[in-house]
Amino acid sequence: MAAKEFDVIVIGGGPAGYVNAIRAAQLGLKTACVEKWIGKSGKPALGGTCLNVGCIPSKALLESSALYVNAKDASAEHGITVGDIKMDPKGMIERKDKIVTELTSGIAMLFQANKVEWLQGAGKLLKDNVVEVTDHEGKVATYKAKDVVLATGSVPMDIPSAVVDNKRIIDSEGALNLTEVPKRLGVIGAGVIGLEMASVWSRLGSEVVIFEAMDNFLSAADQQIAKDAAKHFKKQGLDIRLGAKVTESKASAKDVVVKYADKDGDHEEKFDYLLVAVGRKAFTDGIVDEAVGLEMDGRLVKADDNCKTNIANVWAIGDLVRGPMLAHKGSAEGIAVAQRIAGQYGRVNYDAVPWVIYTHPEIAWAGKTQEQCKADGIDVVTSSFPFAASGRAKAMGATEGLVKVIADAKTDKLLGVHIVGANASELIHEAVIVLEFGGTSEDLASTMHAHPTLAESVMEAAHGIHKSAIHMMNRK
Ligand code: FAD
Ligand code: NAD
């Protein structure tokens with residue numbers, strides 16, 4: 001029997017792949033998406049890492065744990081007396097699972113509504129744009145498409161000194177499913193996952209120690225912001241040990257013994273659980289037949305700025321290719337590629353990608369850091385506005401942190417905005433829009449902002465570039 005034909009077959013139904021499939025179908029292309037994920041309930045699920053074991057479940061737990069801490073610690077200051085507050089981690093996990101199921105089945109409904117065919121199982125690209133799909137019962141079928149989009153995402157990196165056993169030594173998926181609060185939690189890697197997961201469990205009462213191999217904290221972030229954030233995390237009780245290299249981890253039925261080395265020598269610590277969060281790697285196992293001749297770039301699939309691979313009509317998007325491993329970056333590539341396949345304009349502005357770390361306070365940035373500007377030889381003017389000087393932040397009891405604006409000294413072009421503080425995840429989009437339009441710090445400063453809002457702090461920081469901030473002393 002002849003293979004069923006599509007205009008587009010997407011392999012992988014995460015935020016890169018499912019968004020690409022929906023956009024392609026919207027543009028009138030006959031589209032299928034191959035996805036093999038089996039959810040926690042044992043049923044096939046769309047949404048990839050982000051919806052099932054990433055962005056969404058982690059934010060659900062961050063929200064529950066923040067609510068608990070606020071009720072416990074912040075009420076008295078507001079004149080509220082609260083009785084005995086208890087946390088049931090099982091209830092928190094159940095709520096998270098419900099949100100995941102609702103969202104992943106929502107994608108299945110969107111597929112139906114847009115007439116995207118979901119091919120359940122594992123896809124493999126063969127020569128001449130033939131896609132072989134092995135379903136969950138092991139049955140194999142082949143399909144053909146004019147264009148194939150690879151979007152198989154990423155998986156956690158592993159290290160020999162802490163091998164994940166999913167019992168005492170866990171990865172991020174394990175950390176999202178603990179049903180007891182560890183007395184002591186060890187974390188390897190003070191990156192995004194390490195900090196977010198450490199925040200959840202420390203808010204619920206765990207004593208958390210984070211081992212970070214680098215001497216610098218959050219080296220990708222602007223270092224003024226990283227230093228300020230580190231101060232707040234320390235105050236919250238997160239014990240972040242920099243320059244700490246884990247050399248061995250031994251798990252028993254009830255704990256894990258971790259050996260590590262730093263500038264002071266060799267040390268040993270005992271934990272109930274150890275989370276390994278040392279980065280993620282592109283997932284390429286068995287997705288393309290060797291005969292296709294797909295070019296790789298180390299662990300990644302090689303793709304140009306338009307997400308084209310070296311094979312005609314084969315594209316690659318999301319965590320599988322260069323650039324930050326972020327859901328919105330993958331989705332933006334998914335939309336752009338669908339539009340290009342349909343003969344329309346599609347582009348991704350890699351210079352205006354927002355980054356967010358959903359700790360308390362939140363950390364967010366877009367554009368260049370001051371360190372990057374220096375390395376690129378760009379002469380800059382910077383200005384920082386502390387949330388402590390914001391009326392809204394005071395009313396909210398959220399005076400931690402600051403907004404930092406970086407502008408080109410000659411042209412005033414906005415180069416970067418860096419925020420540590422409440423709602424930084426939302427505030428950063430002011431910067432993203434100005435960066436997208438190639439605007440100046442003056443554009444940001446002269447845009448009227450509602451009072452009282454946290455967003456006024458972004459405006460005030462931008463005013464500071466021109467020594468015209470009203471609610472702080474301007475630089476000399
Ligand atoms: P994925 O989401 O990994 O999806 C790839 C899909 O391909 C998977 O569903 C997989 O089953 C499927 N697949 C693989 N091989 C095959 C095959 N052969 N056949 C069929 N299907 C296949 N990013 C953010 O932007 N914000 C956040 O807050 C955030 N939080 C995160 C928290 C955690 C704990 C983690 C782990 C990640 C987080 N991320 C976050 C990163 C984000 O999840 C990824 O950047 C994003 O999911 C990448 O999307 P993707 O579509 O490229 O890949
Ligand atoms: P990461 O790259 O953010 O951090 C990993 C950290 O581990 C780094 O600081 C690194 O120096 C350290 N490290 C590496 N090897 C080590 C070792 N042997 N010992 C000690 N430290 C070591 O990676 P992650 O936190 O695992 O997250 C993976 C990806 O998922 C990130 O690239 C991120 O883009 C994405 N993610 C994003 C969000 C978000 O957007 N809020 C949340 C979670 C994850």
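Note that ligands are numbered from 1 as they come in the structure, with each ligand's atoms numbered from 1 the same way.
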Tell me the protein heavy atom at minimum distance from [atom], and give that distance in Å.
atom	value
atom 44 (C) of ligand 1	Asp319 OD2, 3.3 Å
atom 21 (N) of ligand 2	Ala213 N, 3.2 Å
atom 43 (C) of ligand 2	Ile193 CG1, 3.4 Å
atom 14 (C) of ligand 2	Val278 CB, 3.6 Å
atom 3 (O) of ligand 2	Val192 N, 3.2 Å
atom 2 (O) of ligand 1	Thr49 N, 2.9 Å
atom 18 (N) of ligand 2	Ile159 CD1, 3.8 Å
atom 9 (O) of ligand 1	Glu35 OE1, 2.6 Å
atom 53 (O) of ligand 1	Gly153 CA, 3.1 Å
atom 32 (O) of ligand 2	Met325 CB, 3.9 Å
atom 16 (C) of ligand 1	Lys36 CE, 3.4 Å
atom 10 (C) of ligand 2	Glu212 OE2, 3.5 Å
atom 24 (C) of ligand 1	Ala327 N, 3.5 Å
atom 28 (O) of ligand 1	Lys59 NZ, 2.6 Å
atom 26 (N) of ligand 1	Cys55 SG, 3.8 Å

Could you tell me which atoms of ligand 2, counted from 1 in the order shown, lie closer than 4.0 angstrom to a heavy atom of [X]?
X	result
Leu326	34 (O), 37 (C), 40 (O)
Met214	11 (O)
Phe211	20 (C), 21 (N)
Gly189	6 (C), 7 (O), 12 (C), 21 (N)
Tyr358	41 (N)
Ile188	19 (N), 20 (C)
Ala277	5 (C), 6 (C), 7 (O), 26 (O)

With heavy atoms only and a cut-off of under 4.0 Å, state how [X] meets ligand 1: side chain, backbone, both or neither.
X	answer
Arg280	side chain
Lys124	neither
Pro15	both
Tyr18	neither
Pro156	neither
Ser172	side chain
Ile193	side chain
Ile11	side chain
Ile287	side chain

Point to revise | Contact (N/O only, under 3.5 Å) between Glu196 and ligand 1 | key: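 In this structure, Glu196 places no N or O atom under 3.5 Å from an N or O of ligand 1.
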
Review point. Any non-hydrogen atom of Val356 lying under 4.0 Å from ligand 2?
Key: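 Contact check Val356 vs ligand 2: positive.
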
Polar side-chain atom of [X] near backbone of [Y] as donor-acceptor pair, under 3.5 Å:
X	Y	value
Asp88	Lys90	yes
Arg241	Ile210	no
His267	Val258	no

Check each atom of ligand 1 against the heavy atoms of [X] and keep those under 4.0 Å away; list them by number with element.
X	result
Ala151	5 (C), 6 (C), 7 (O)
Ser154	3 (O)
Tyr358	28 (O)
Gly123	17 (C), 18 (N), 19 (N), 20 (C)
Phe283	14 (C), 15 (N)
Gly121	19 (N), 20 (C)
Gly48	2 (O), 4 (O), 8 (C), 9 (O)
Cys50	2 (O), 43 (O), 47 (O)

Review point. Angle class for the Phe111/Trp118 ring planes (parallel below 30°, perpendicular above 60°, tilted otherwise)?
Key: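 Taking Trp118 first and then Phe111, their aromatic rings stand perpendicular (interplane angle over 60°).
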
Point to revise | Parallel, tilted or perpendicular, as decided by the 30° and 60° cut-offs, for the rings of Tyr143 and Phe6 | key: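 If you compare the ring of Phe6 with that of Tyr143, the planes turn out tilted.
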
Check your understanding: Which is closest to atom 50 (P) of ligand 1 by heavy-atom distance: Ala16, Gly54, Gly13?
Key ->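 Going through Ala16, Gly54, Gly13 one by one, Ala16 has the nearest heavy atom to atom 50 (P) of ligand 1.
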
Review point. Taking atom 2 (O) of ligand 2 as the point of reference, which of Cys50, Pro354, Pro324, Gly279 owns the nearest heavy atom?
Key: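 It is Gly279 that holds the nearest heavy atom.
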
Review point. Does the side chain of His360 pick up a donor-acceptor pair with the side chain of Glu400 at under 3.5 Å?
Key: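 Per modelled atom types, His360 and Glu400 side chains form a pair under 3.5 Å.
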
Review point. In terms of heavy-atom contacts, does CD of Glu290 have more than 12 from other residues, nucleotides or ligands at under 6.0 Å?
Key: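 No - once you tally the heavy atoms of other residues, nucleotides and ligands closer than 6.0 Å, there are 12 at most.
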
**Study point:** Greater than 12 external heavy atoms within 6.0 Å of Glu63's CD
**Key:**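 It does not: Glu63 CD has 12 such atoms or fewer within range.
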
Exercise for review: Answer yes or no: is there an ion pair linking Arg184 with Glu207, defined by an N-O contact shorter than 4.0 Å?
Suggested key: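 Between Glu207 and Arg184 there is a salt bridge, with a charged N closer than 4.0 Å to a carboxylate O.
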
Check your understanding: Considering only heavy atoms, does Glu196 approach ligand 2 within less than 4.0 Å through its side chain, its backbone, both, or neither?
Key ->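 Near ligand 2, Glu196 shows its side chain, while the N, CA, C and O stay back.
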
